[in-house]
Structures are given as structure tokens and as C-alpha cells.
Amino acid sequence: MASTLPLPLTSPPQNPTPPPKTIITKPPTFRSRLSQLCKDGRPDLARRLLLDRPIPSTSTSTSTVLWNTVLIGLVCNGLPEDALRFLSLMSPASVRPDHYTFSSALKACADSNQLLLGRSIHARILRRYSRPNRILSNSLLNMYSSCGCRQVQLLFDRMRARNAVAWNTVIAWHARNARPSDAVVHFRRLLESGTAPTPVSFVNVFPAVACLDRALPDAVHALLLKFGGGFVGDPFVTSSAVAMYSELSDMDSARKVFDRTALRNTEVWNTMIGACVQNELPREALDLYLQIFESEIVSTDSVTLIAVLMAVSQLQSIDYGRQIHALVMKSAPMDSPVALSNALVVMYSRCGEVETAFRLFDEMSERDIVTWNTMVSAFVQNGFDSEGLMLVRAMQKKGFAVDPVAAMALLSAASNLGDSRIGRETHAYVFRRGSVSKGWIVT
DNA sequence: ATAGGGTTAG
């Protein structure tokens, strides 16, 4: 290109051809190969490549970067246990862990719920650094929060430089542990501290405000509009706000938030459809599904189909049910998730087609506890009590223990059959197993 | 290269 330009002859030569650098791509470095493998979802290959490397001719600090790359790759690909095993192979003589190592290790502990290991890493951090940096402190907060340890508050209170991430972590911790007012208090203190809230601040606080003062949800939503004009378009924030209004059964507000969102991805649609189902508005749910279908802009996934099947179950319309079933077969013919098959079984059962429900149940290659409970309840609810009882035996043979849902079906079947022996046995079983913490209701 | 986020069947 440069050679075709009419250059004046007097001017000095100006690199007539581009340097070879821009033509020949540099060979990938060992680190870039590792991180590419991790990005491609093959951290196992990256790990093997690193472990099989003949002799580490690189310096200790370079090694650390390589090890961190694989470690982060394992964590980000949902393999926290492998990450921690890999970490234990890091010999301190040749690889010296750094901030990145520790923060990834803490995330691995958080993801695999390993409090003891997390604590030991915390101790190593304190031995290494007099004061952990902000990211390490936030990683520690997250680890303790994920592992359900109360140390979160103490650690947070002692932090000097708290950024939004730290605040958000504590807000989420309170909200998830059924302390909505503490979550809101920290949200308020976040605003008072002068730290700018982030979209995550709102995502975390929304679930907490639904169960408090009725004025709060609108107040927090107003704050959202005031603080982050940019956040309202965030699909996460939208989903969270829709879910909050749905929880309050304020479907007008939920719909308003949804309608005002420019960027609606599959998850946002799923939340809105799920909100309709939760509030027993199956027609609205189906209508929304139809809109996705016609717009062809966003795609649907198994979560969408599950919600739609629940709506059909509420409507008890076998015609719609069969159509959705056909769509399920078309969209996910092979390995559809168990939850989707379960939802199909529920739908046929609610529409009164127990035989079809059982055929689907019978054809399933994988069944979980919900599958068994669903089919047992399907039998009992449709008057096939003996079949329900027999299926409970089959379920126990497969190693699934009777849980509160199955117990309810059993009691109901016993009562329908007038079988006092099974009724008494189930009652005794419930009493033996019973504890409120396990979801059992003891009477 | 590092921290926090929404929906999911009985």
C-alpha cells in the first residue's frame, strides 16, 4: 500500500515496506498457549502441558505466572476441586505463590465450599503480607461468605479501603442469609460512604427489599434511576428488579421495568415469564413466549421451556402441552436437562394424561429425586394410588430416600386407599426422620 | 491474568 503512494523524490526513504513483524505473526508463547487452552474450555490440557514440560528454564516469577494461568483456568471452568489439587502440587521451592495465586485459590475454596482450606490459605496470606491488598481482602470476604462463615462481618468492619465490591459482597451475604434489614442497612451505608454503587449493588439488594417495608422497593428502584442511568439497561439489574416486583405480586411494576428495558436477553425474558408463572398468570406467560417466538431476536433455552410448561400445567391445556412438547423435541432432541423432562411429566400429569406421563418417565435415561417424586405424585393425584405406592418402593430400591414430598404423596395414597397400616408407617417414618431443618414438618 | 451479579421441575 505504502509503495503506491506518490512520494516526493526528495524525501528520505520512509520504510517502504512494512516490517516483517506485522506480516509474520509471532509464534505463541508458552503462556499464551496455556491461556488459549483455558479459554477454549480445556484447562486439563493446559495443566498437562505445564506439568509435562521437561525442565523449567524460566525464572521463578515466570513459573508463577504460568501456574496462575492454569489455576485460574481450572477455577473459571468450574473445576475448583482440580484447582485446589493443582495448587497442592505447587512446590514452594520452584514456584512462589503471589496475590493472583491466593485470590484464585480462595475462589476455588468458595466454589467448592472448603472452609478449612480457605482458612489455611487465609493464614498463609497473613504470614506473607502484613496487610492483604484490597483484592485479597475481597476474595477472603467472598470465601467466608460462600462457605457460610460469620467471619464476613468482622473482616469487613476491619477493612480500611472498602470499595463497591466489598460492600456488595456483604449486602449479598446478609440478603442470602435471611437478614434483609441488615442487607438494606449496608446498602444505605454504601450510599452514605460516598462509594458509587454498581449494578451488582442493586442486584444484591433487590431480593432483600421485597420482604420489608412496602415503600422500600420503589425507593430503591428510584435510587437506581437516580444513580445509574447506565444500570437500568443492564439485563442483570432488570431481572433482579422484575423478580423483586414479582415476589411482591406487583406485576404492573414488574411489567413496567421489563417493558422499559432496551436490552432483553434470554435470561430477562425467562425471569419475566417465570414471574407470570409464579403469580399464576399462565396466559401472560404463553403470550410472552409467543412474542419471543415471533421476534426471533432472542433465543430460548431449557429454562424458558420449563417455565412455559409450568404455565401449560396451570392452564391444564393438553393442546398447548402437546405443541410445547413438540417444540421441546425440536429444540433439545438429545440431552435435554432432567428438569425439562420432569416439567414434561408434570405437564402431562396435570393435563390428566398419566399414561403419557409414565411413558416419558419410563423412557428417561436419567432420573433424579424430583423425577421420582413427580411421578409418584402424578399417580396419586390421578387416582392411581397403588401405582404410587409401588413406585415409592422402586424409588427406594434405586437408592432414593423418601423425602417430605414423597411422604406427602404416601400419606395421601394411604388415605385414599383407606390403608391405615401404610399411613401409620409413613407417619412413624416422618417422625423418625423429621426435623425442621431438613424441610420436614413434624406434627 | 486476579474480587461481587438474574431465571431453573415435585
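Proteins come first, then strands; the chains are lettered A, B, ... in the order of their sequence lines, and each starts at number 1. The structure displayed is predicted, hence computed values, not measured ones.
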Charged tip of A:Arg162 within 45° of A:Phe156 ring normal and under 6.0 Å: yes

Sugar-phosphate only, base, or nothing, as touched by A:Arg367 at under 4.0 Å among non-hydrogen atoms: nothing

N/O donor-acceptor pair, side chain A:Asn168 with base B:dA3, under 3.5 angstrom: no

N/O donor-acceptor pair under 3.5 Å between A:Arg150 side chain and A:Tyr144 backbone: no

Touch class at under 4.0 angstrom, heavy-atom based, for A:Ser377 against every strand present: nothing

Interatomic distance, A:Asp98 CG vs B:dA3 P [rounded to whole Å]: 13 Å

Atom-to-atom span, CG of A:Asp368 to C1' of B:dT8 - whole angstrom: 12 Å

Nucleotide of B:dA3, B:dG5, B:dA9 approaching A:Arg176 most closely (side-chain heavy atoms): B:dG5

Sugar-phosphate, base or nothing in reach of A:Ser239, heavy atoms under 4.0 Å: base

Sugar-phosphate only, base, or nothing, as touched by A:Val303 at under 4.0 Å among non-hydrogen atoms: base

Touch class at under 4.0 angstrom, heavy-atom based, for A:Thr198 against every strand present: base

Rounded interatomic separation in angstrom, taking CD1 from A:Ile121 and C1' from B:dA3: 15 Å

Whole-Å gap separating P (B:dG6) and CD1 (A:Ile273): 19 Å

Between P of B:dT7 and CG of A:Asn265, the distance in whole Å: 13 Å

Sugar-phosphate, base or nothing in reach of A:Val376, heavy atoms under 4.0 Å: nothing

Sugar-phosphate only, base, or nothing, as touched by A:Met375 at under 4.0 Å among non-hydrogen atoms: nothing

Ring centroid separation A:Trp372 to A:Phe361 under 6.0 Å: yes

Separation of atom CZ in A:Phe202 from atom P in B:dG5, rounded to whole Å: 17 Å

Side-chain N,O (A:Lys107) to OP1/OP2 (B:dG4) below 4.0 Å: yes

Sugar-phosphate only, base, or nothing, as touched by A:Ile135 at under 4.0 Å among non-hydrogen atoms: base

B:dG6 base / A:Asn270 side chain donor-acceptor hit below 3.5 Å: no

Rounded interatomic separation in angstrom, taking NE2 from A:His99 and C1' from B:dA1: 15 Å

A:Trp67 six-ring centre to A:Arg96 NZ/CZ under 6.0 Å and within 45° of normal: no

Closest to side chain of A:Val200, choosing from B:dA1, B:dA3, B:dG5: B:dG5

Per A:Phe236 side chain, nearest of listed nucleotides B:dA1, B:dG4, B:dG6: B:dG6

Sugar-phosphate only, base, or nothing, as touched by A:Asp301 at under 4.0 Å among non-hydrogen atoms: nothing

Sugar-phosphate only, base, or nothing, as touched by A:Pro199 at under 4.0 Å among non-hydrogen atoms: base

Touch class at under 4.0 angstrom, heavy-atom based, for A:Val338 against every strand present: base

Sugar-phosphate only, base, or nothing, as touched by A:Ser139 at under 4.0 Å among non-hydrogen atoms: sugar-phosphate

Sidechain N-carboxylate O distance under 4.0 Å for A:Glu363, A:Arg359: yes

Any residue meeting side-chain contact (heavy atoms from CB on, under 4.5 Å) with A:Thr69, in chain and number order, not counting sequence neighbours: A:Arg31, A:Leu34, A:Ser35, A:Val65

Sugar-phosphate, base or nothing in reach of A:Thr374, heavy atoms under 4.0 Å: sugar-phosphate

Protein-nucleotide distance (A:Leu71, atom CG; B:dA1, atom P), rounded to Å: 16 Å

Donor-acceptor pairs under 3.5 Å, side chain of residues 379-391 of chain A to any protein atom, not counting sequence neighbours: which ones?
unit_1, atom_1, unit_2, atom_2, d
A:Asn382, ND2, A:Ser349, OG, 3.4
A:Asn382, ND2, A:Ala378, O, 2.7
A:Asp385, OD1, A:Asn416, ND2, 2.9

Sugar-phosphate, base or nothing in reach of A:Asn204, heavy atoms under 4.0 Å: sugar-phosphate

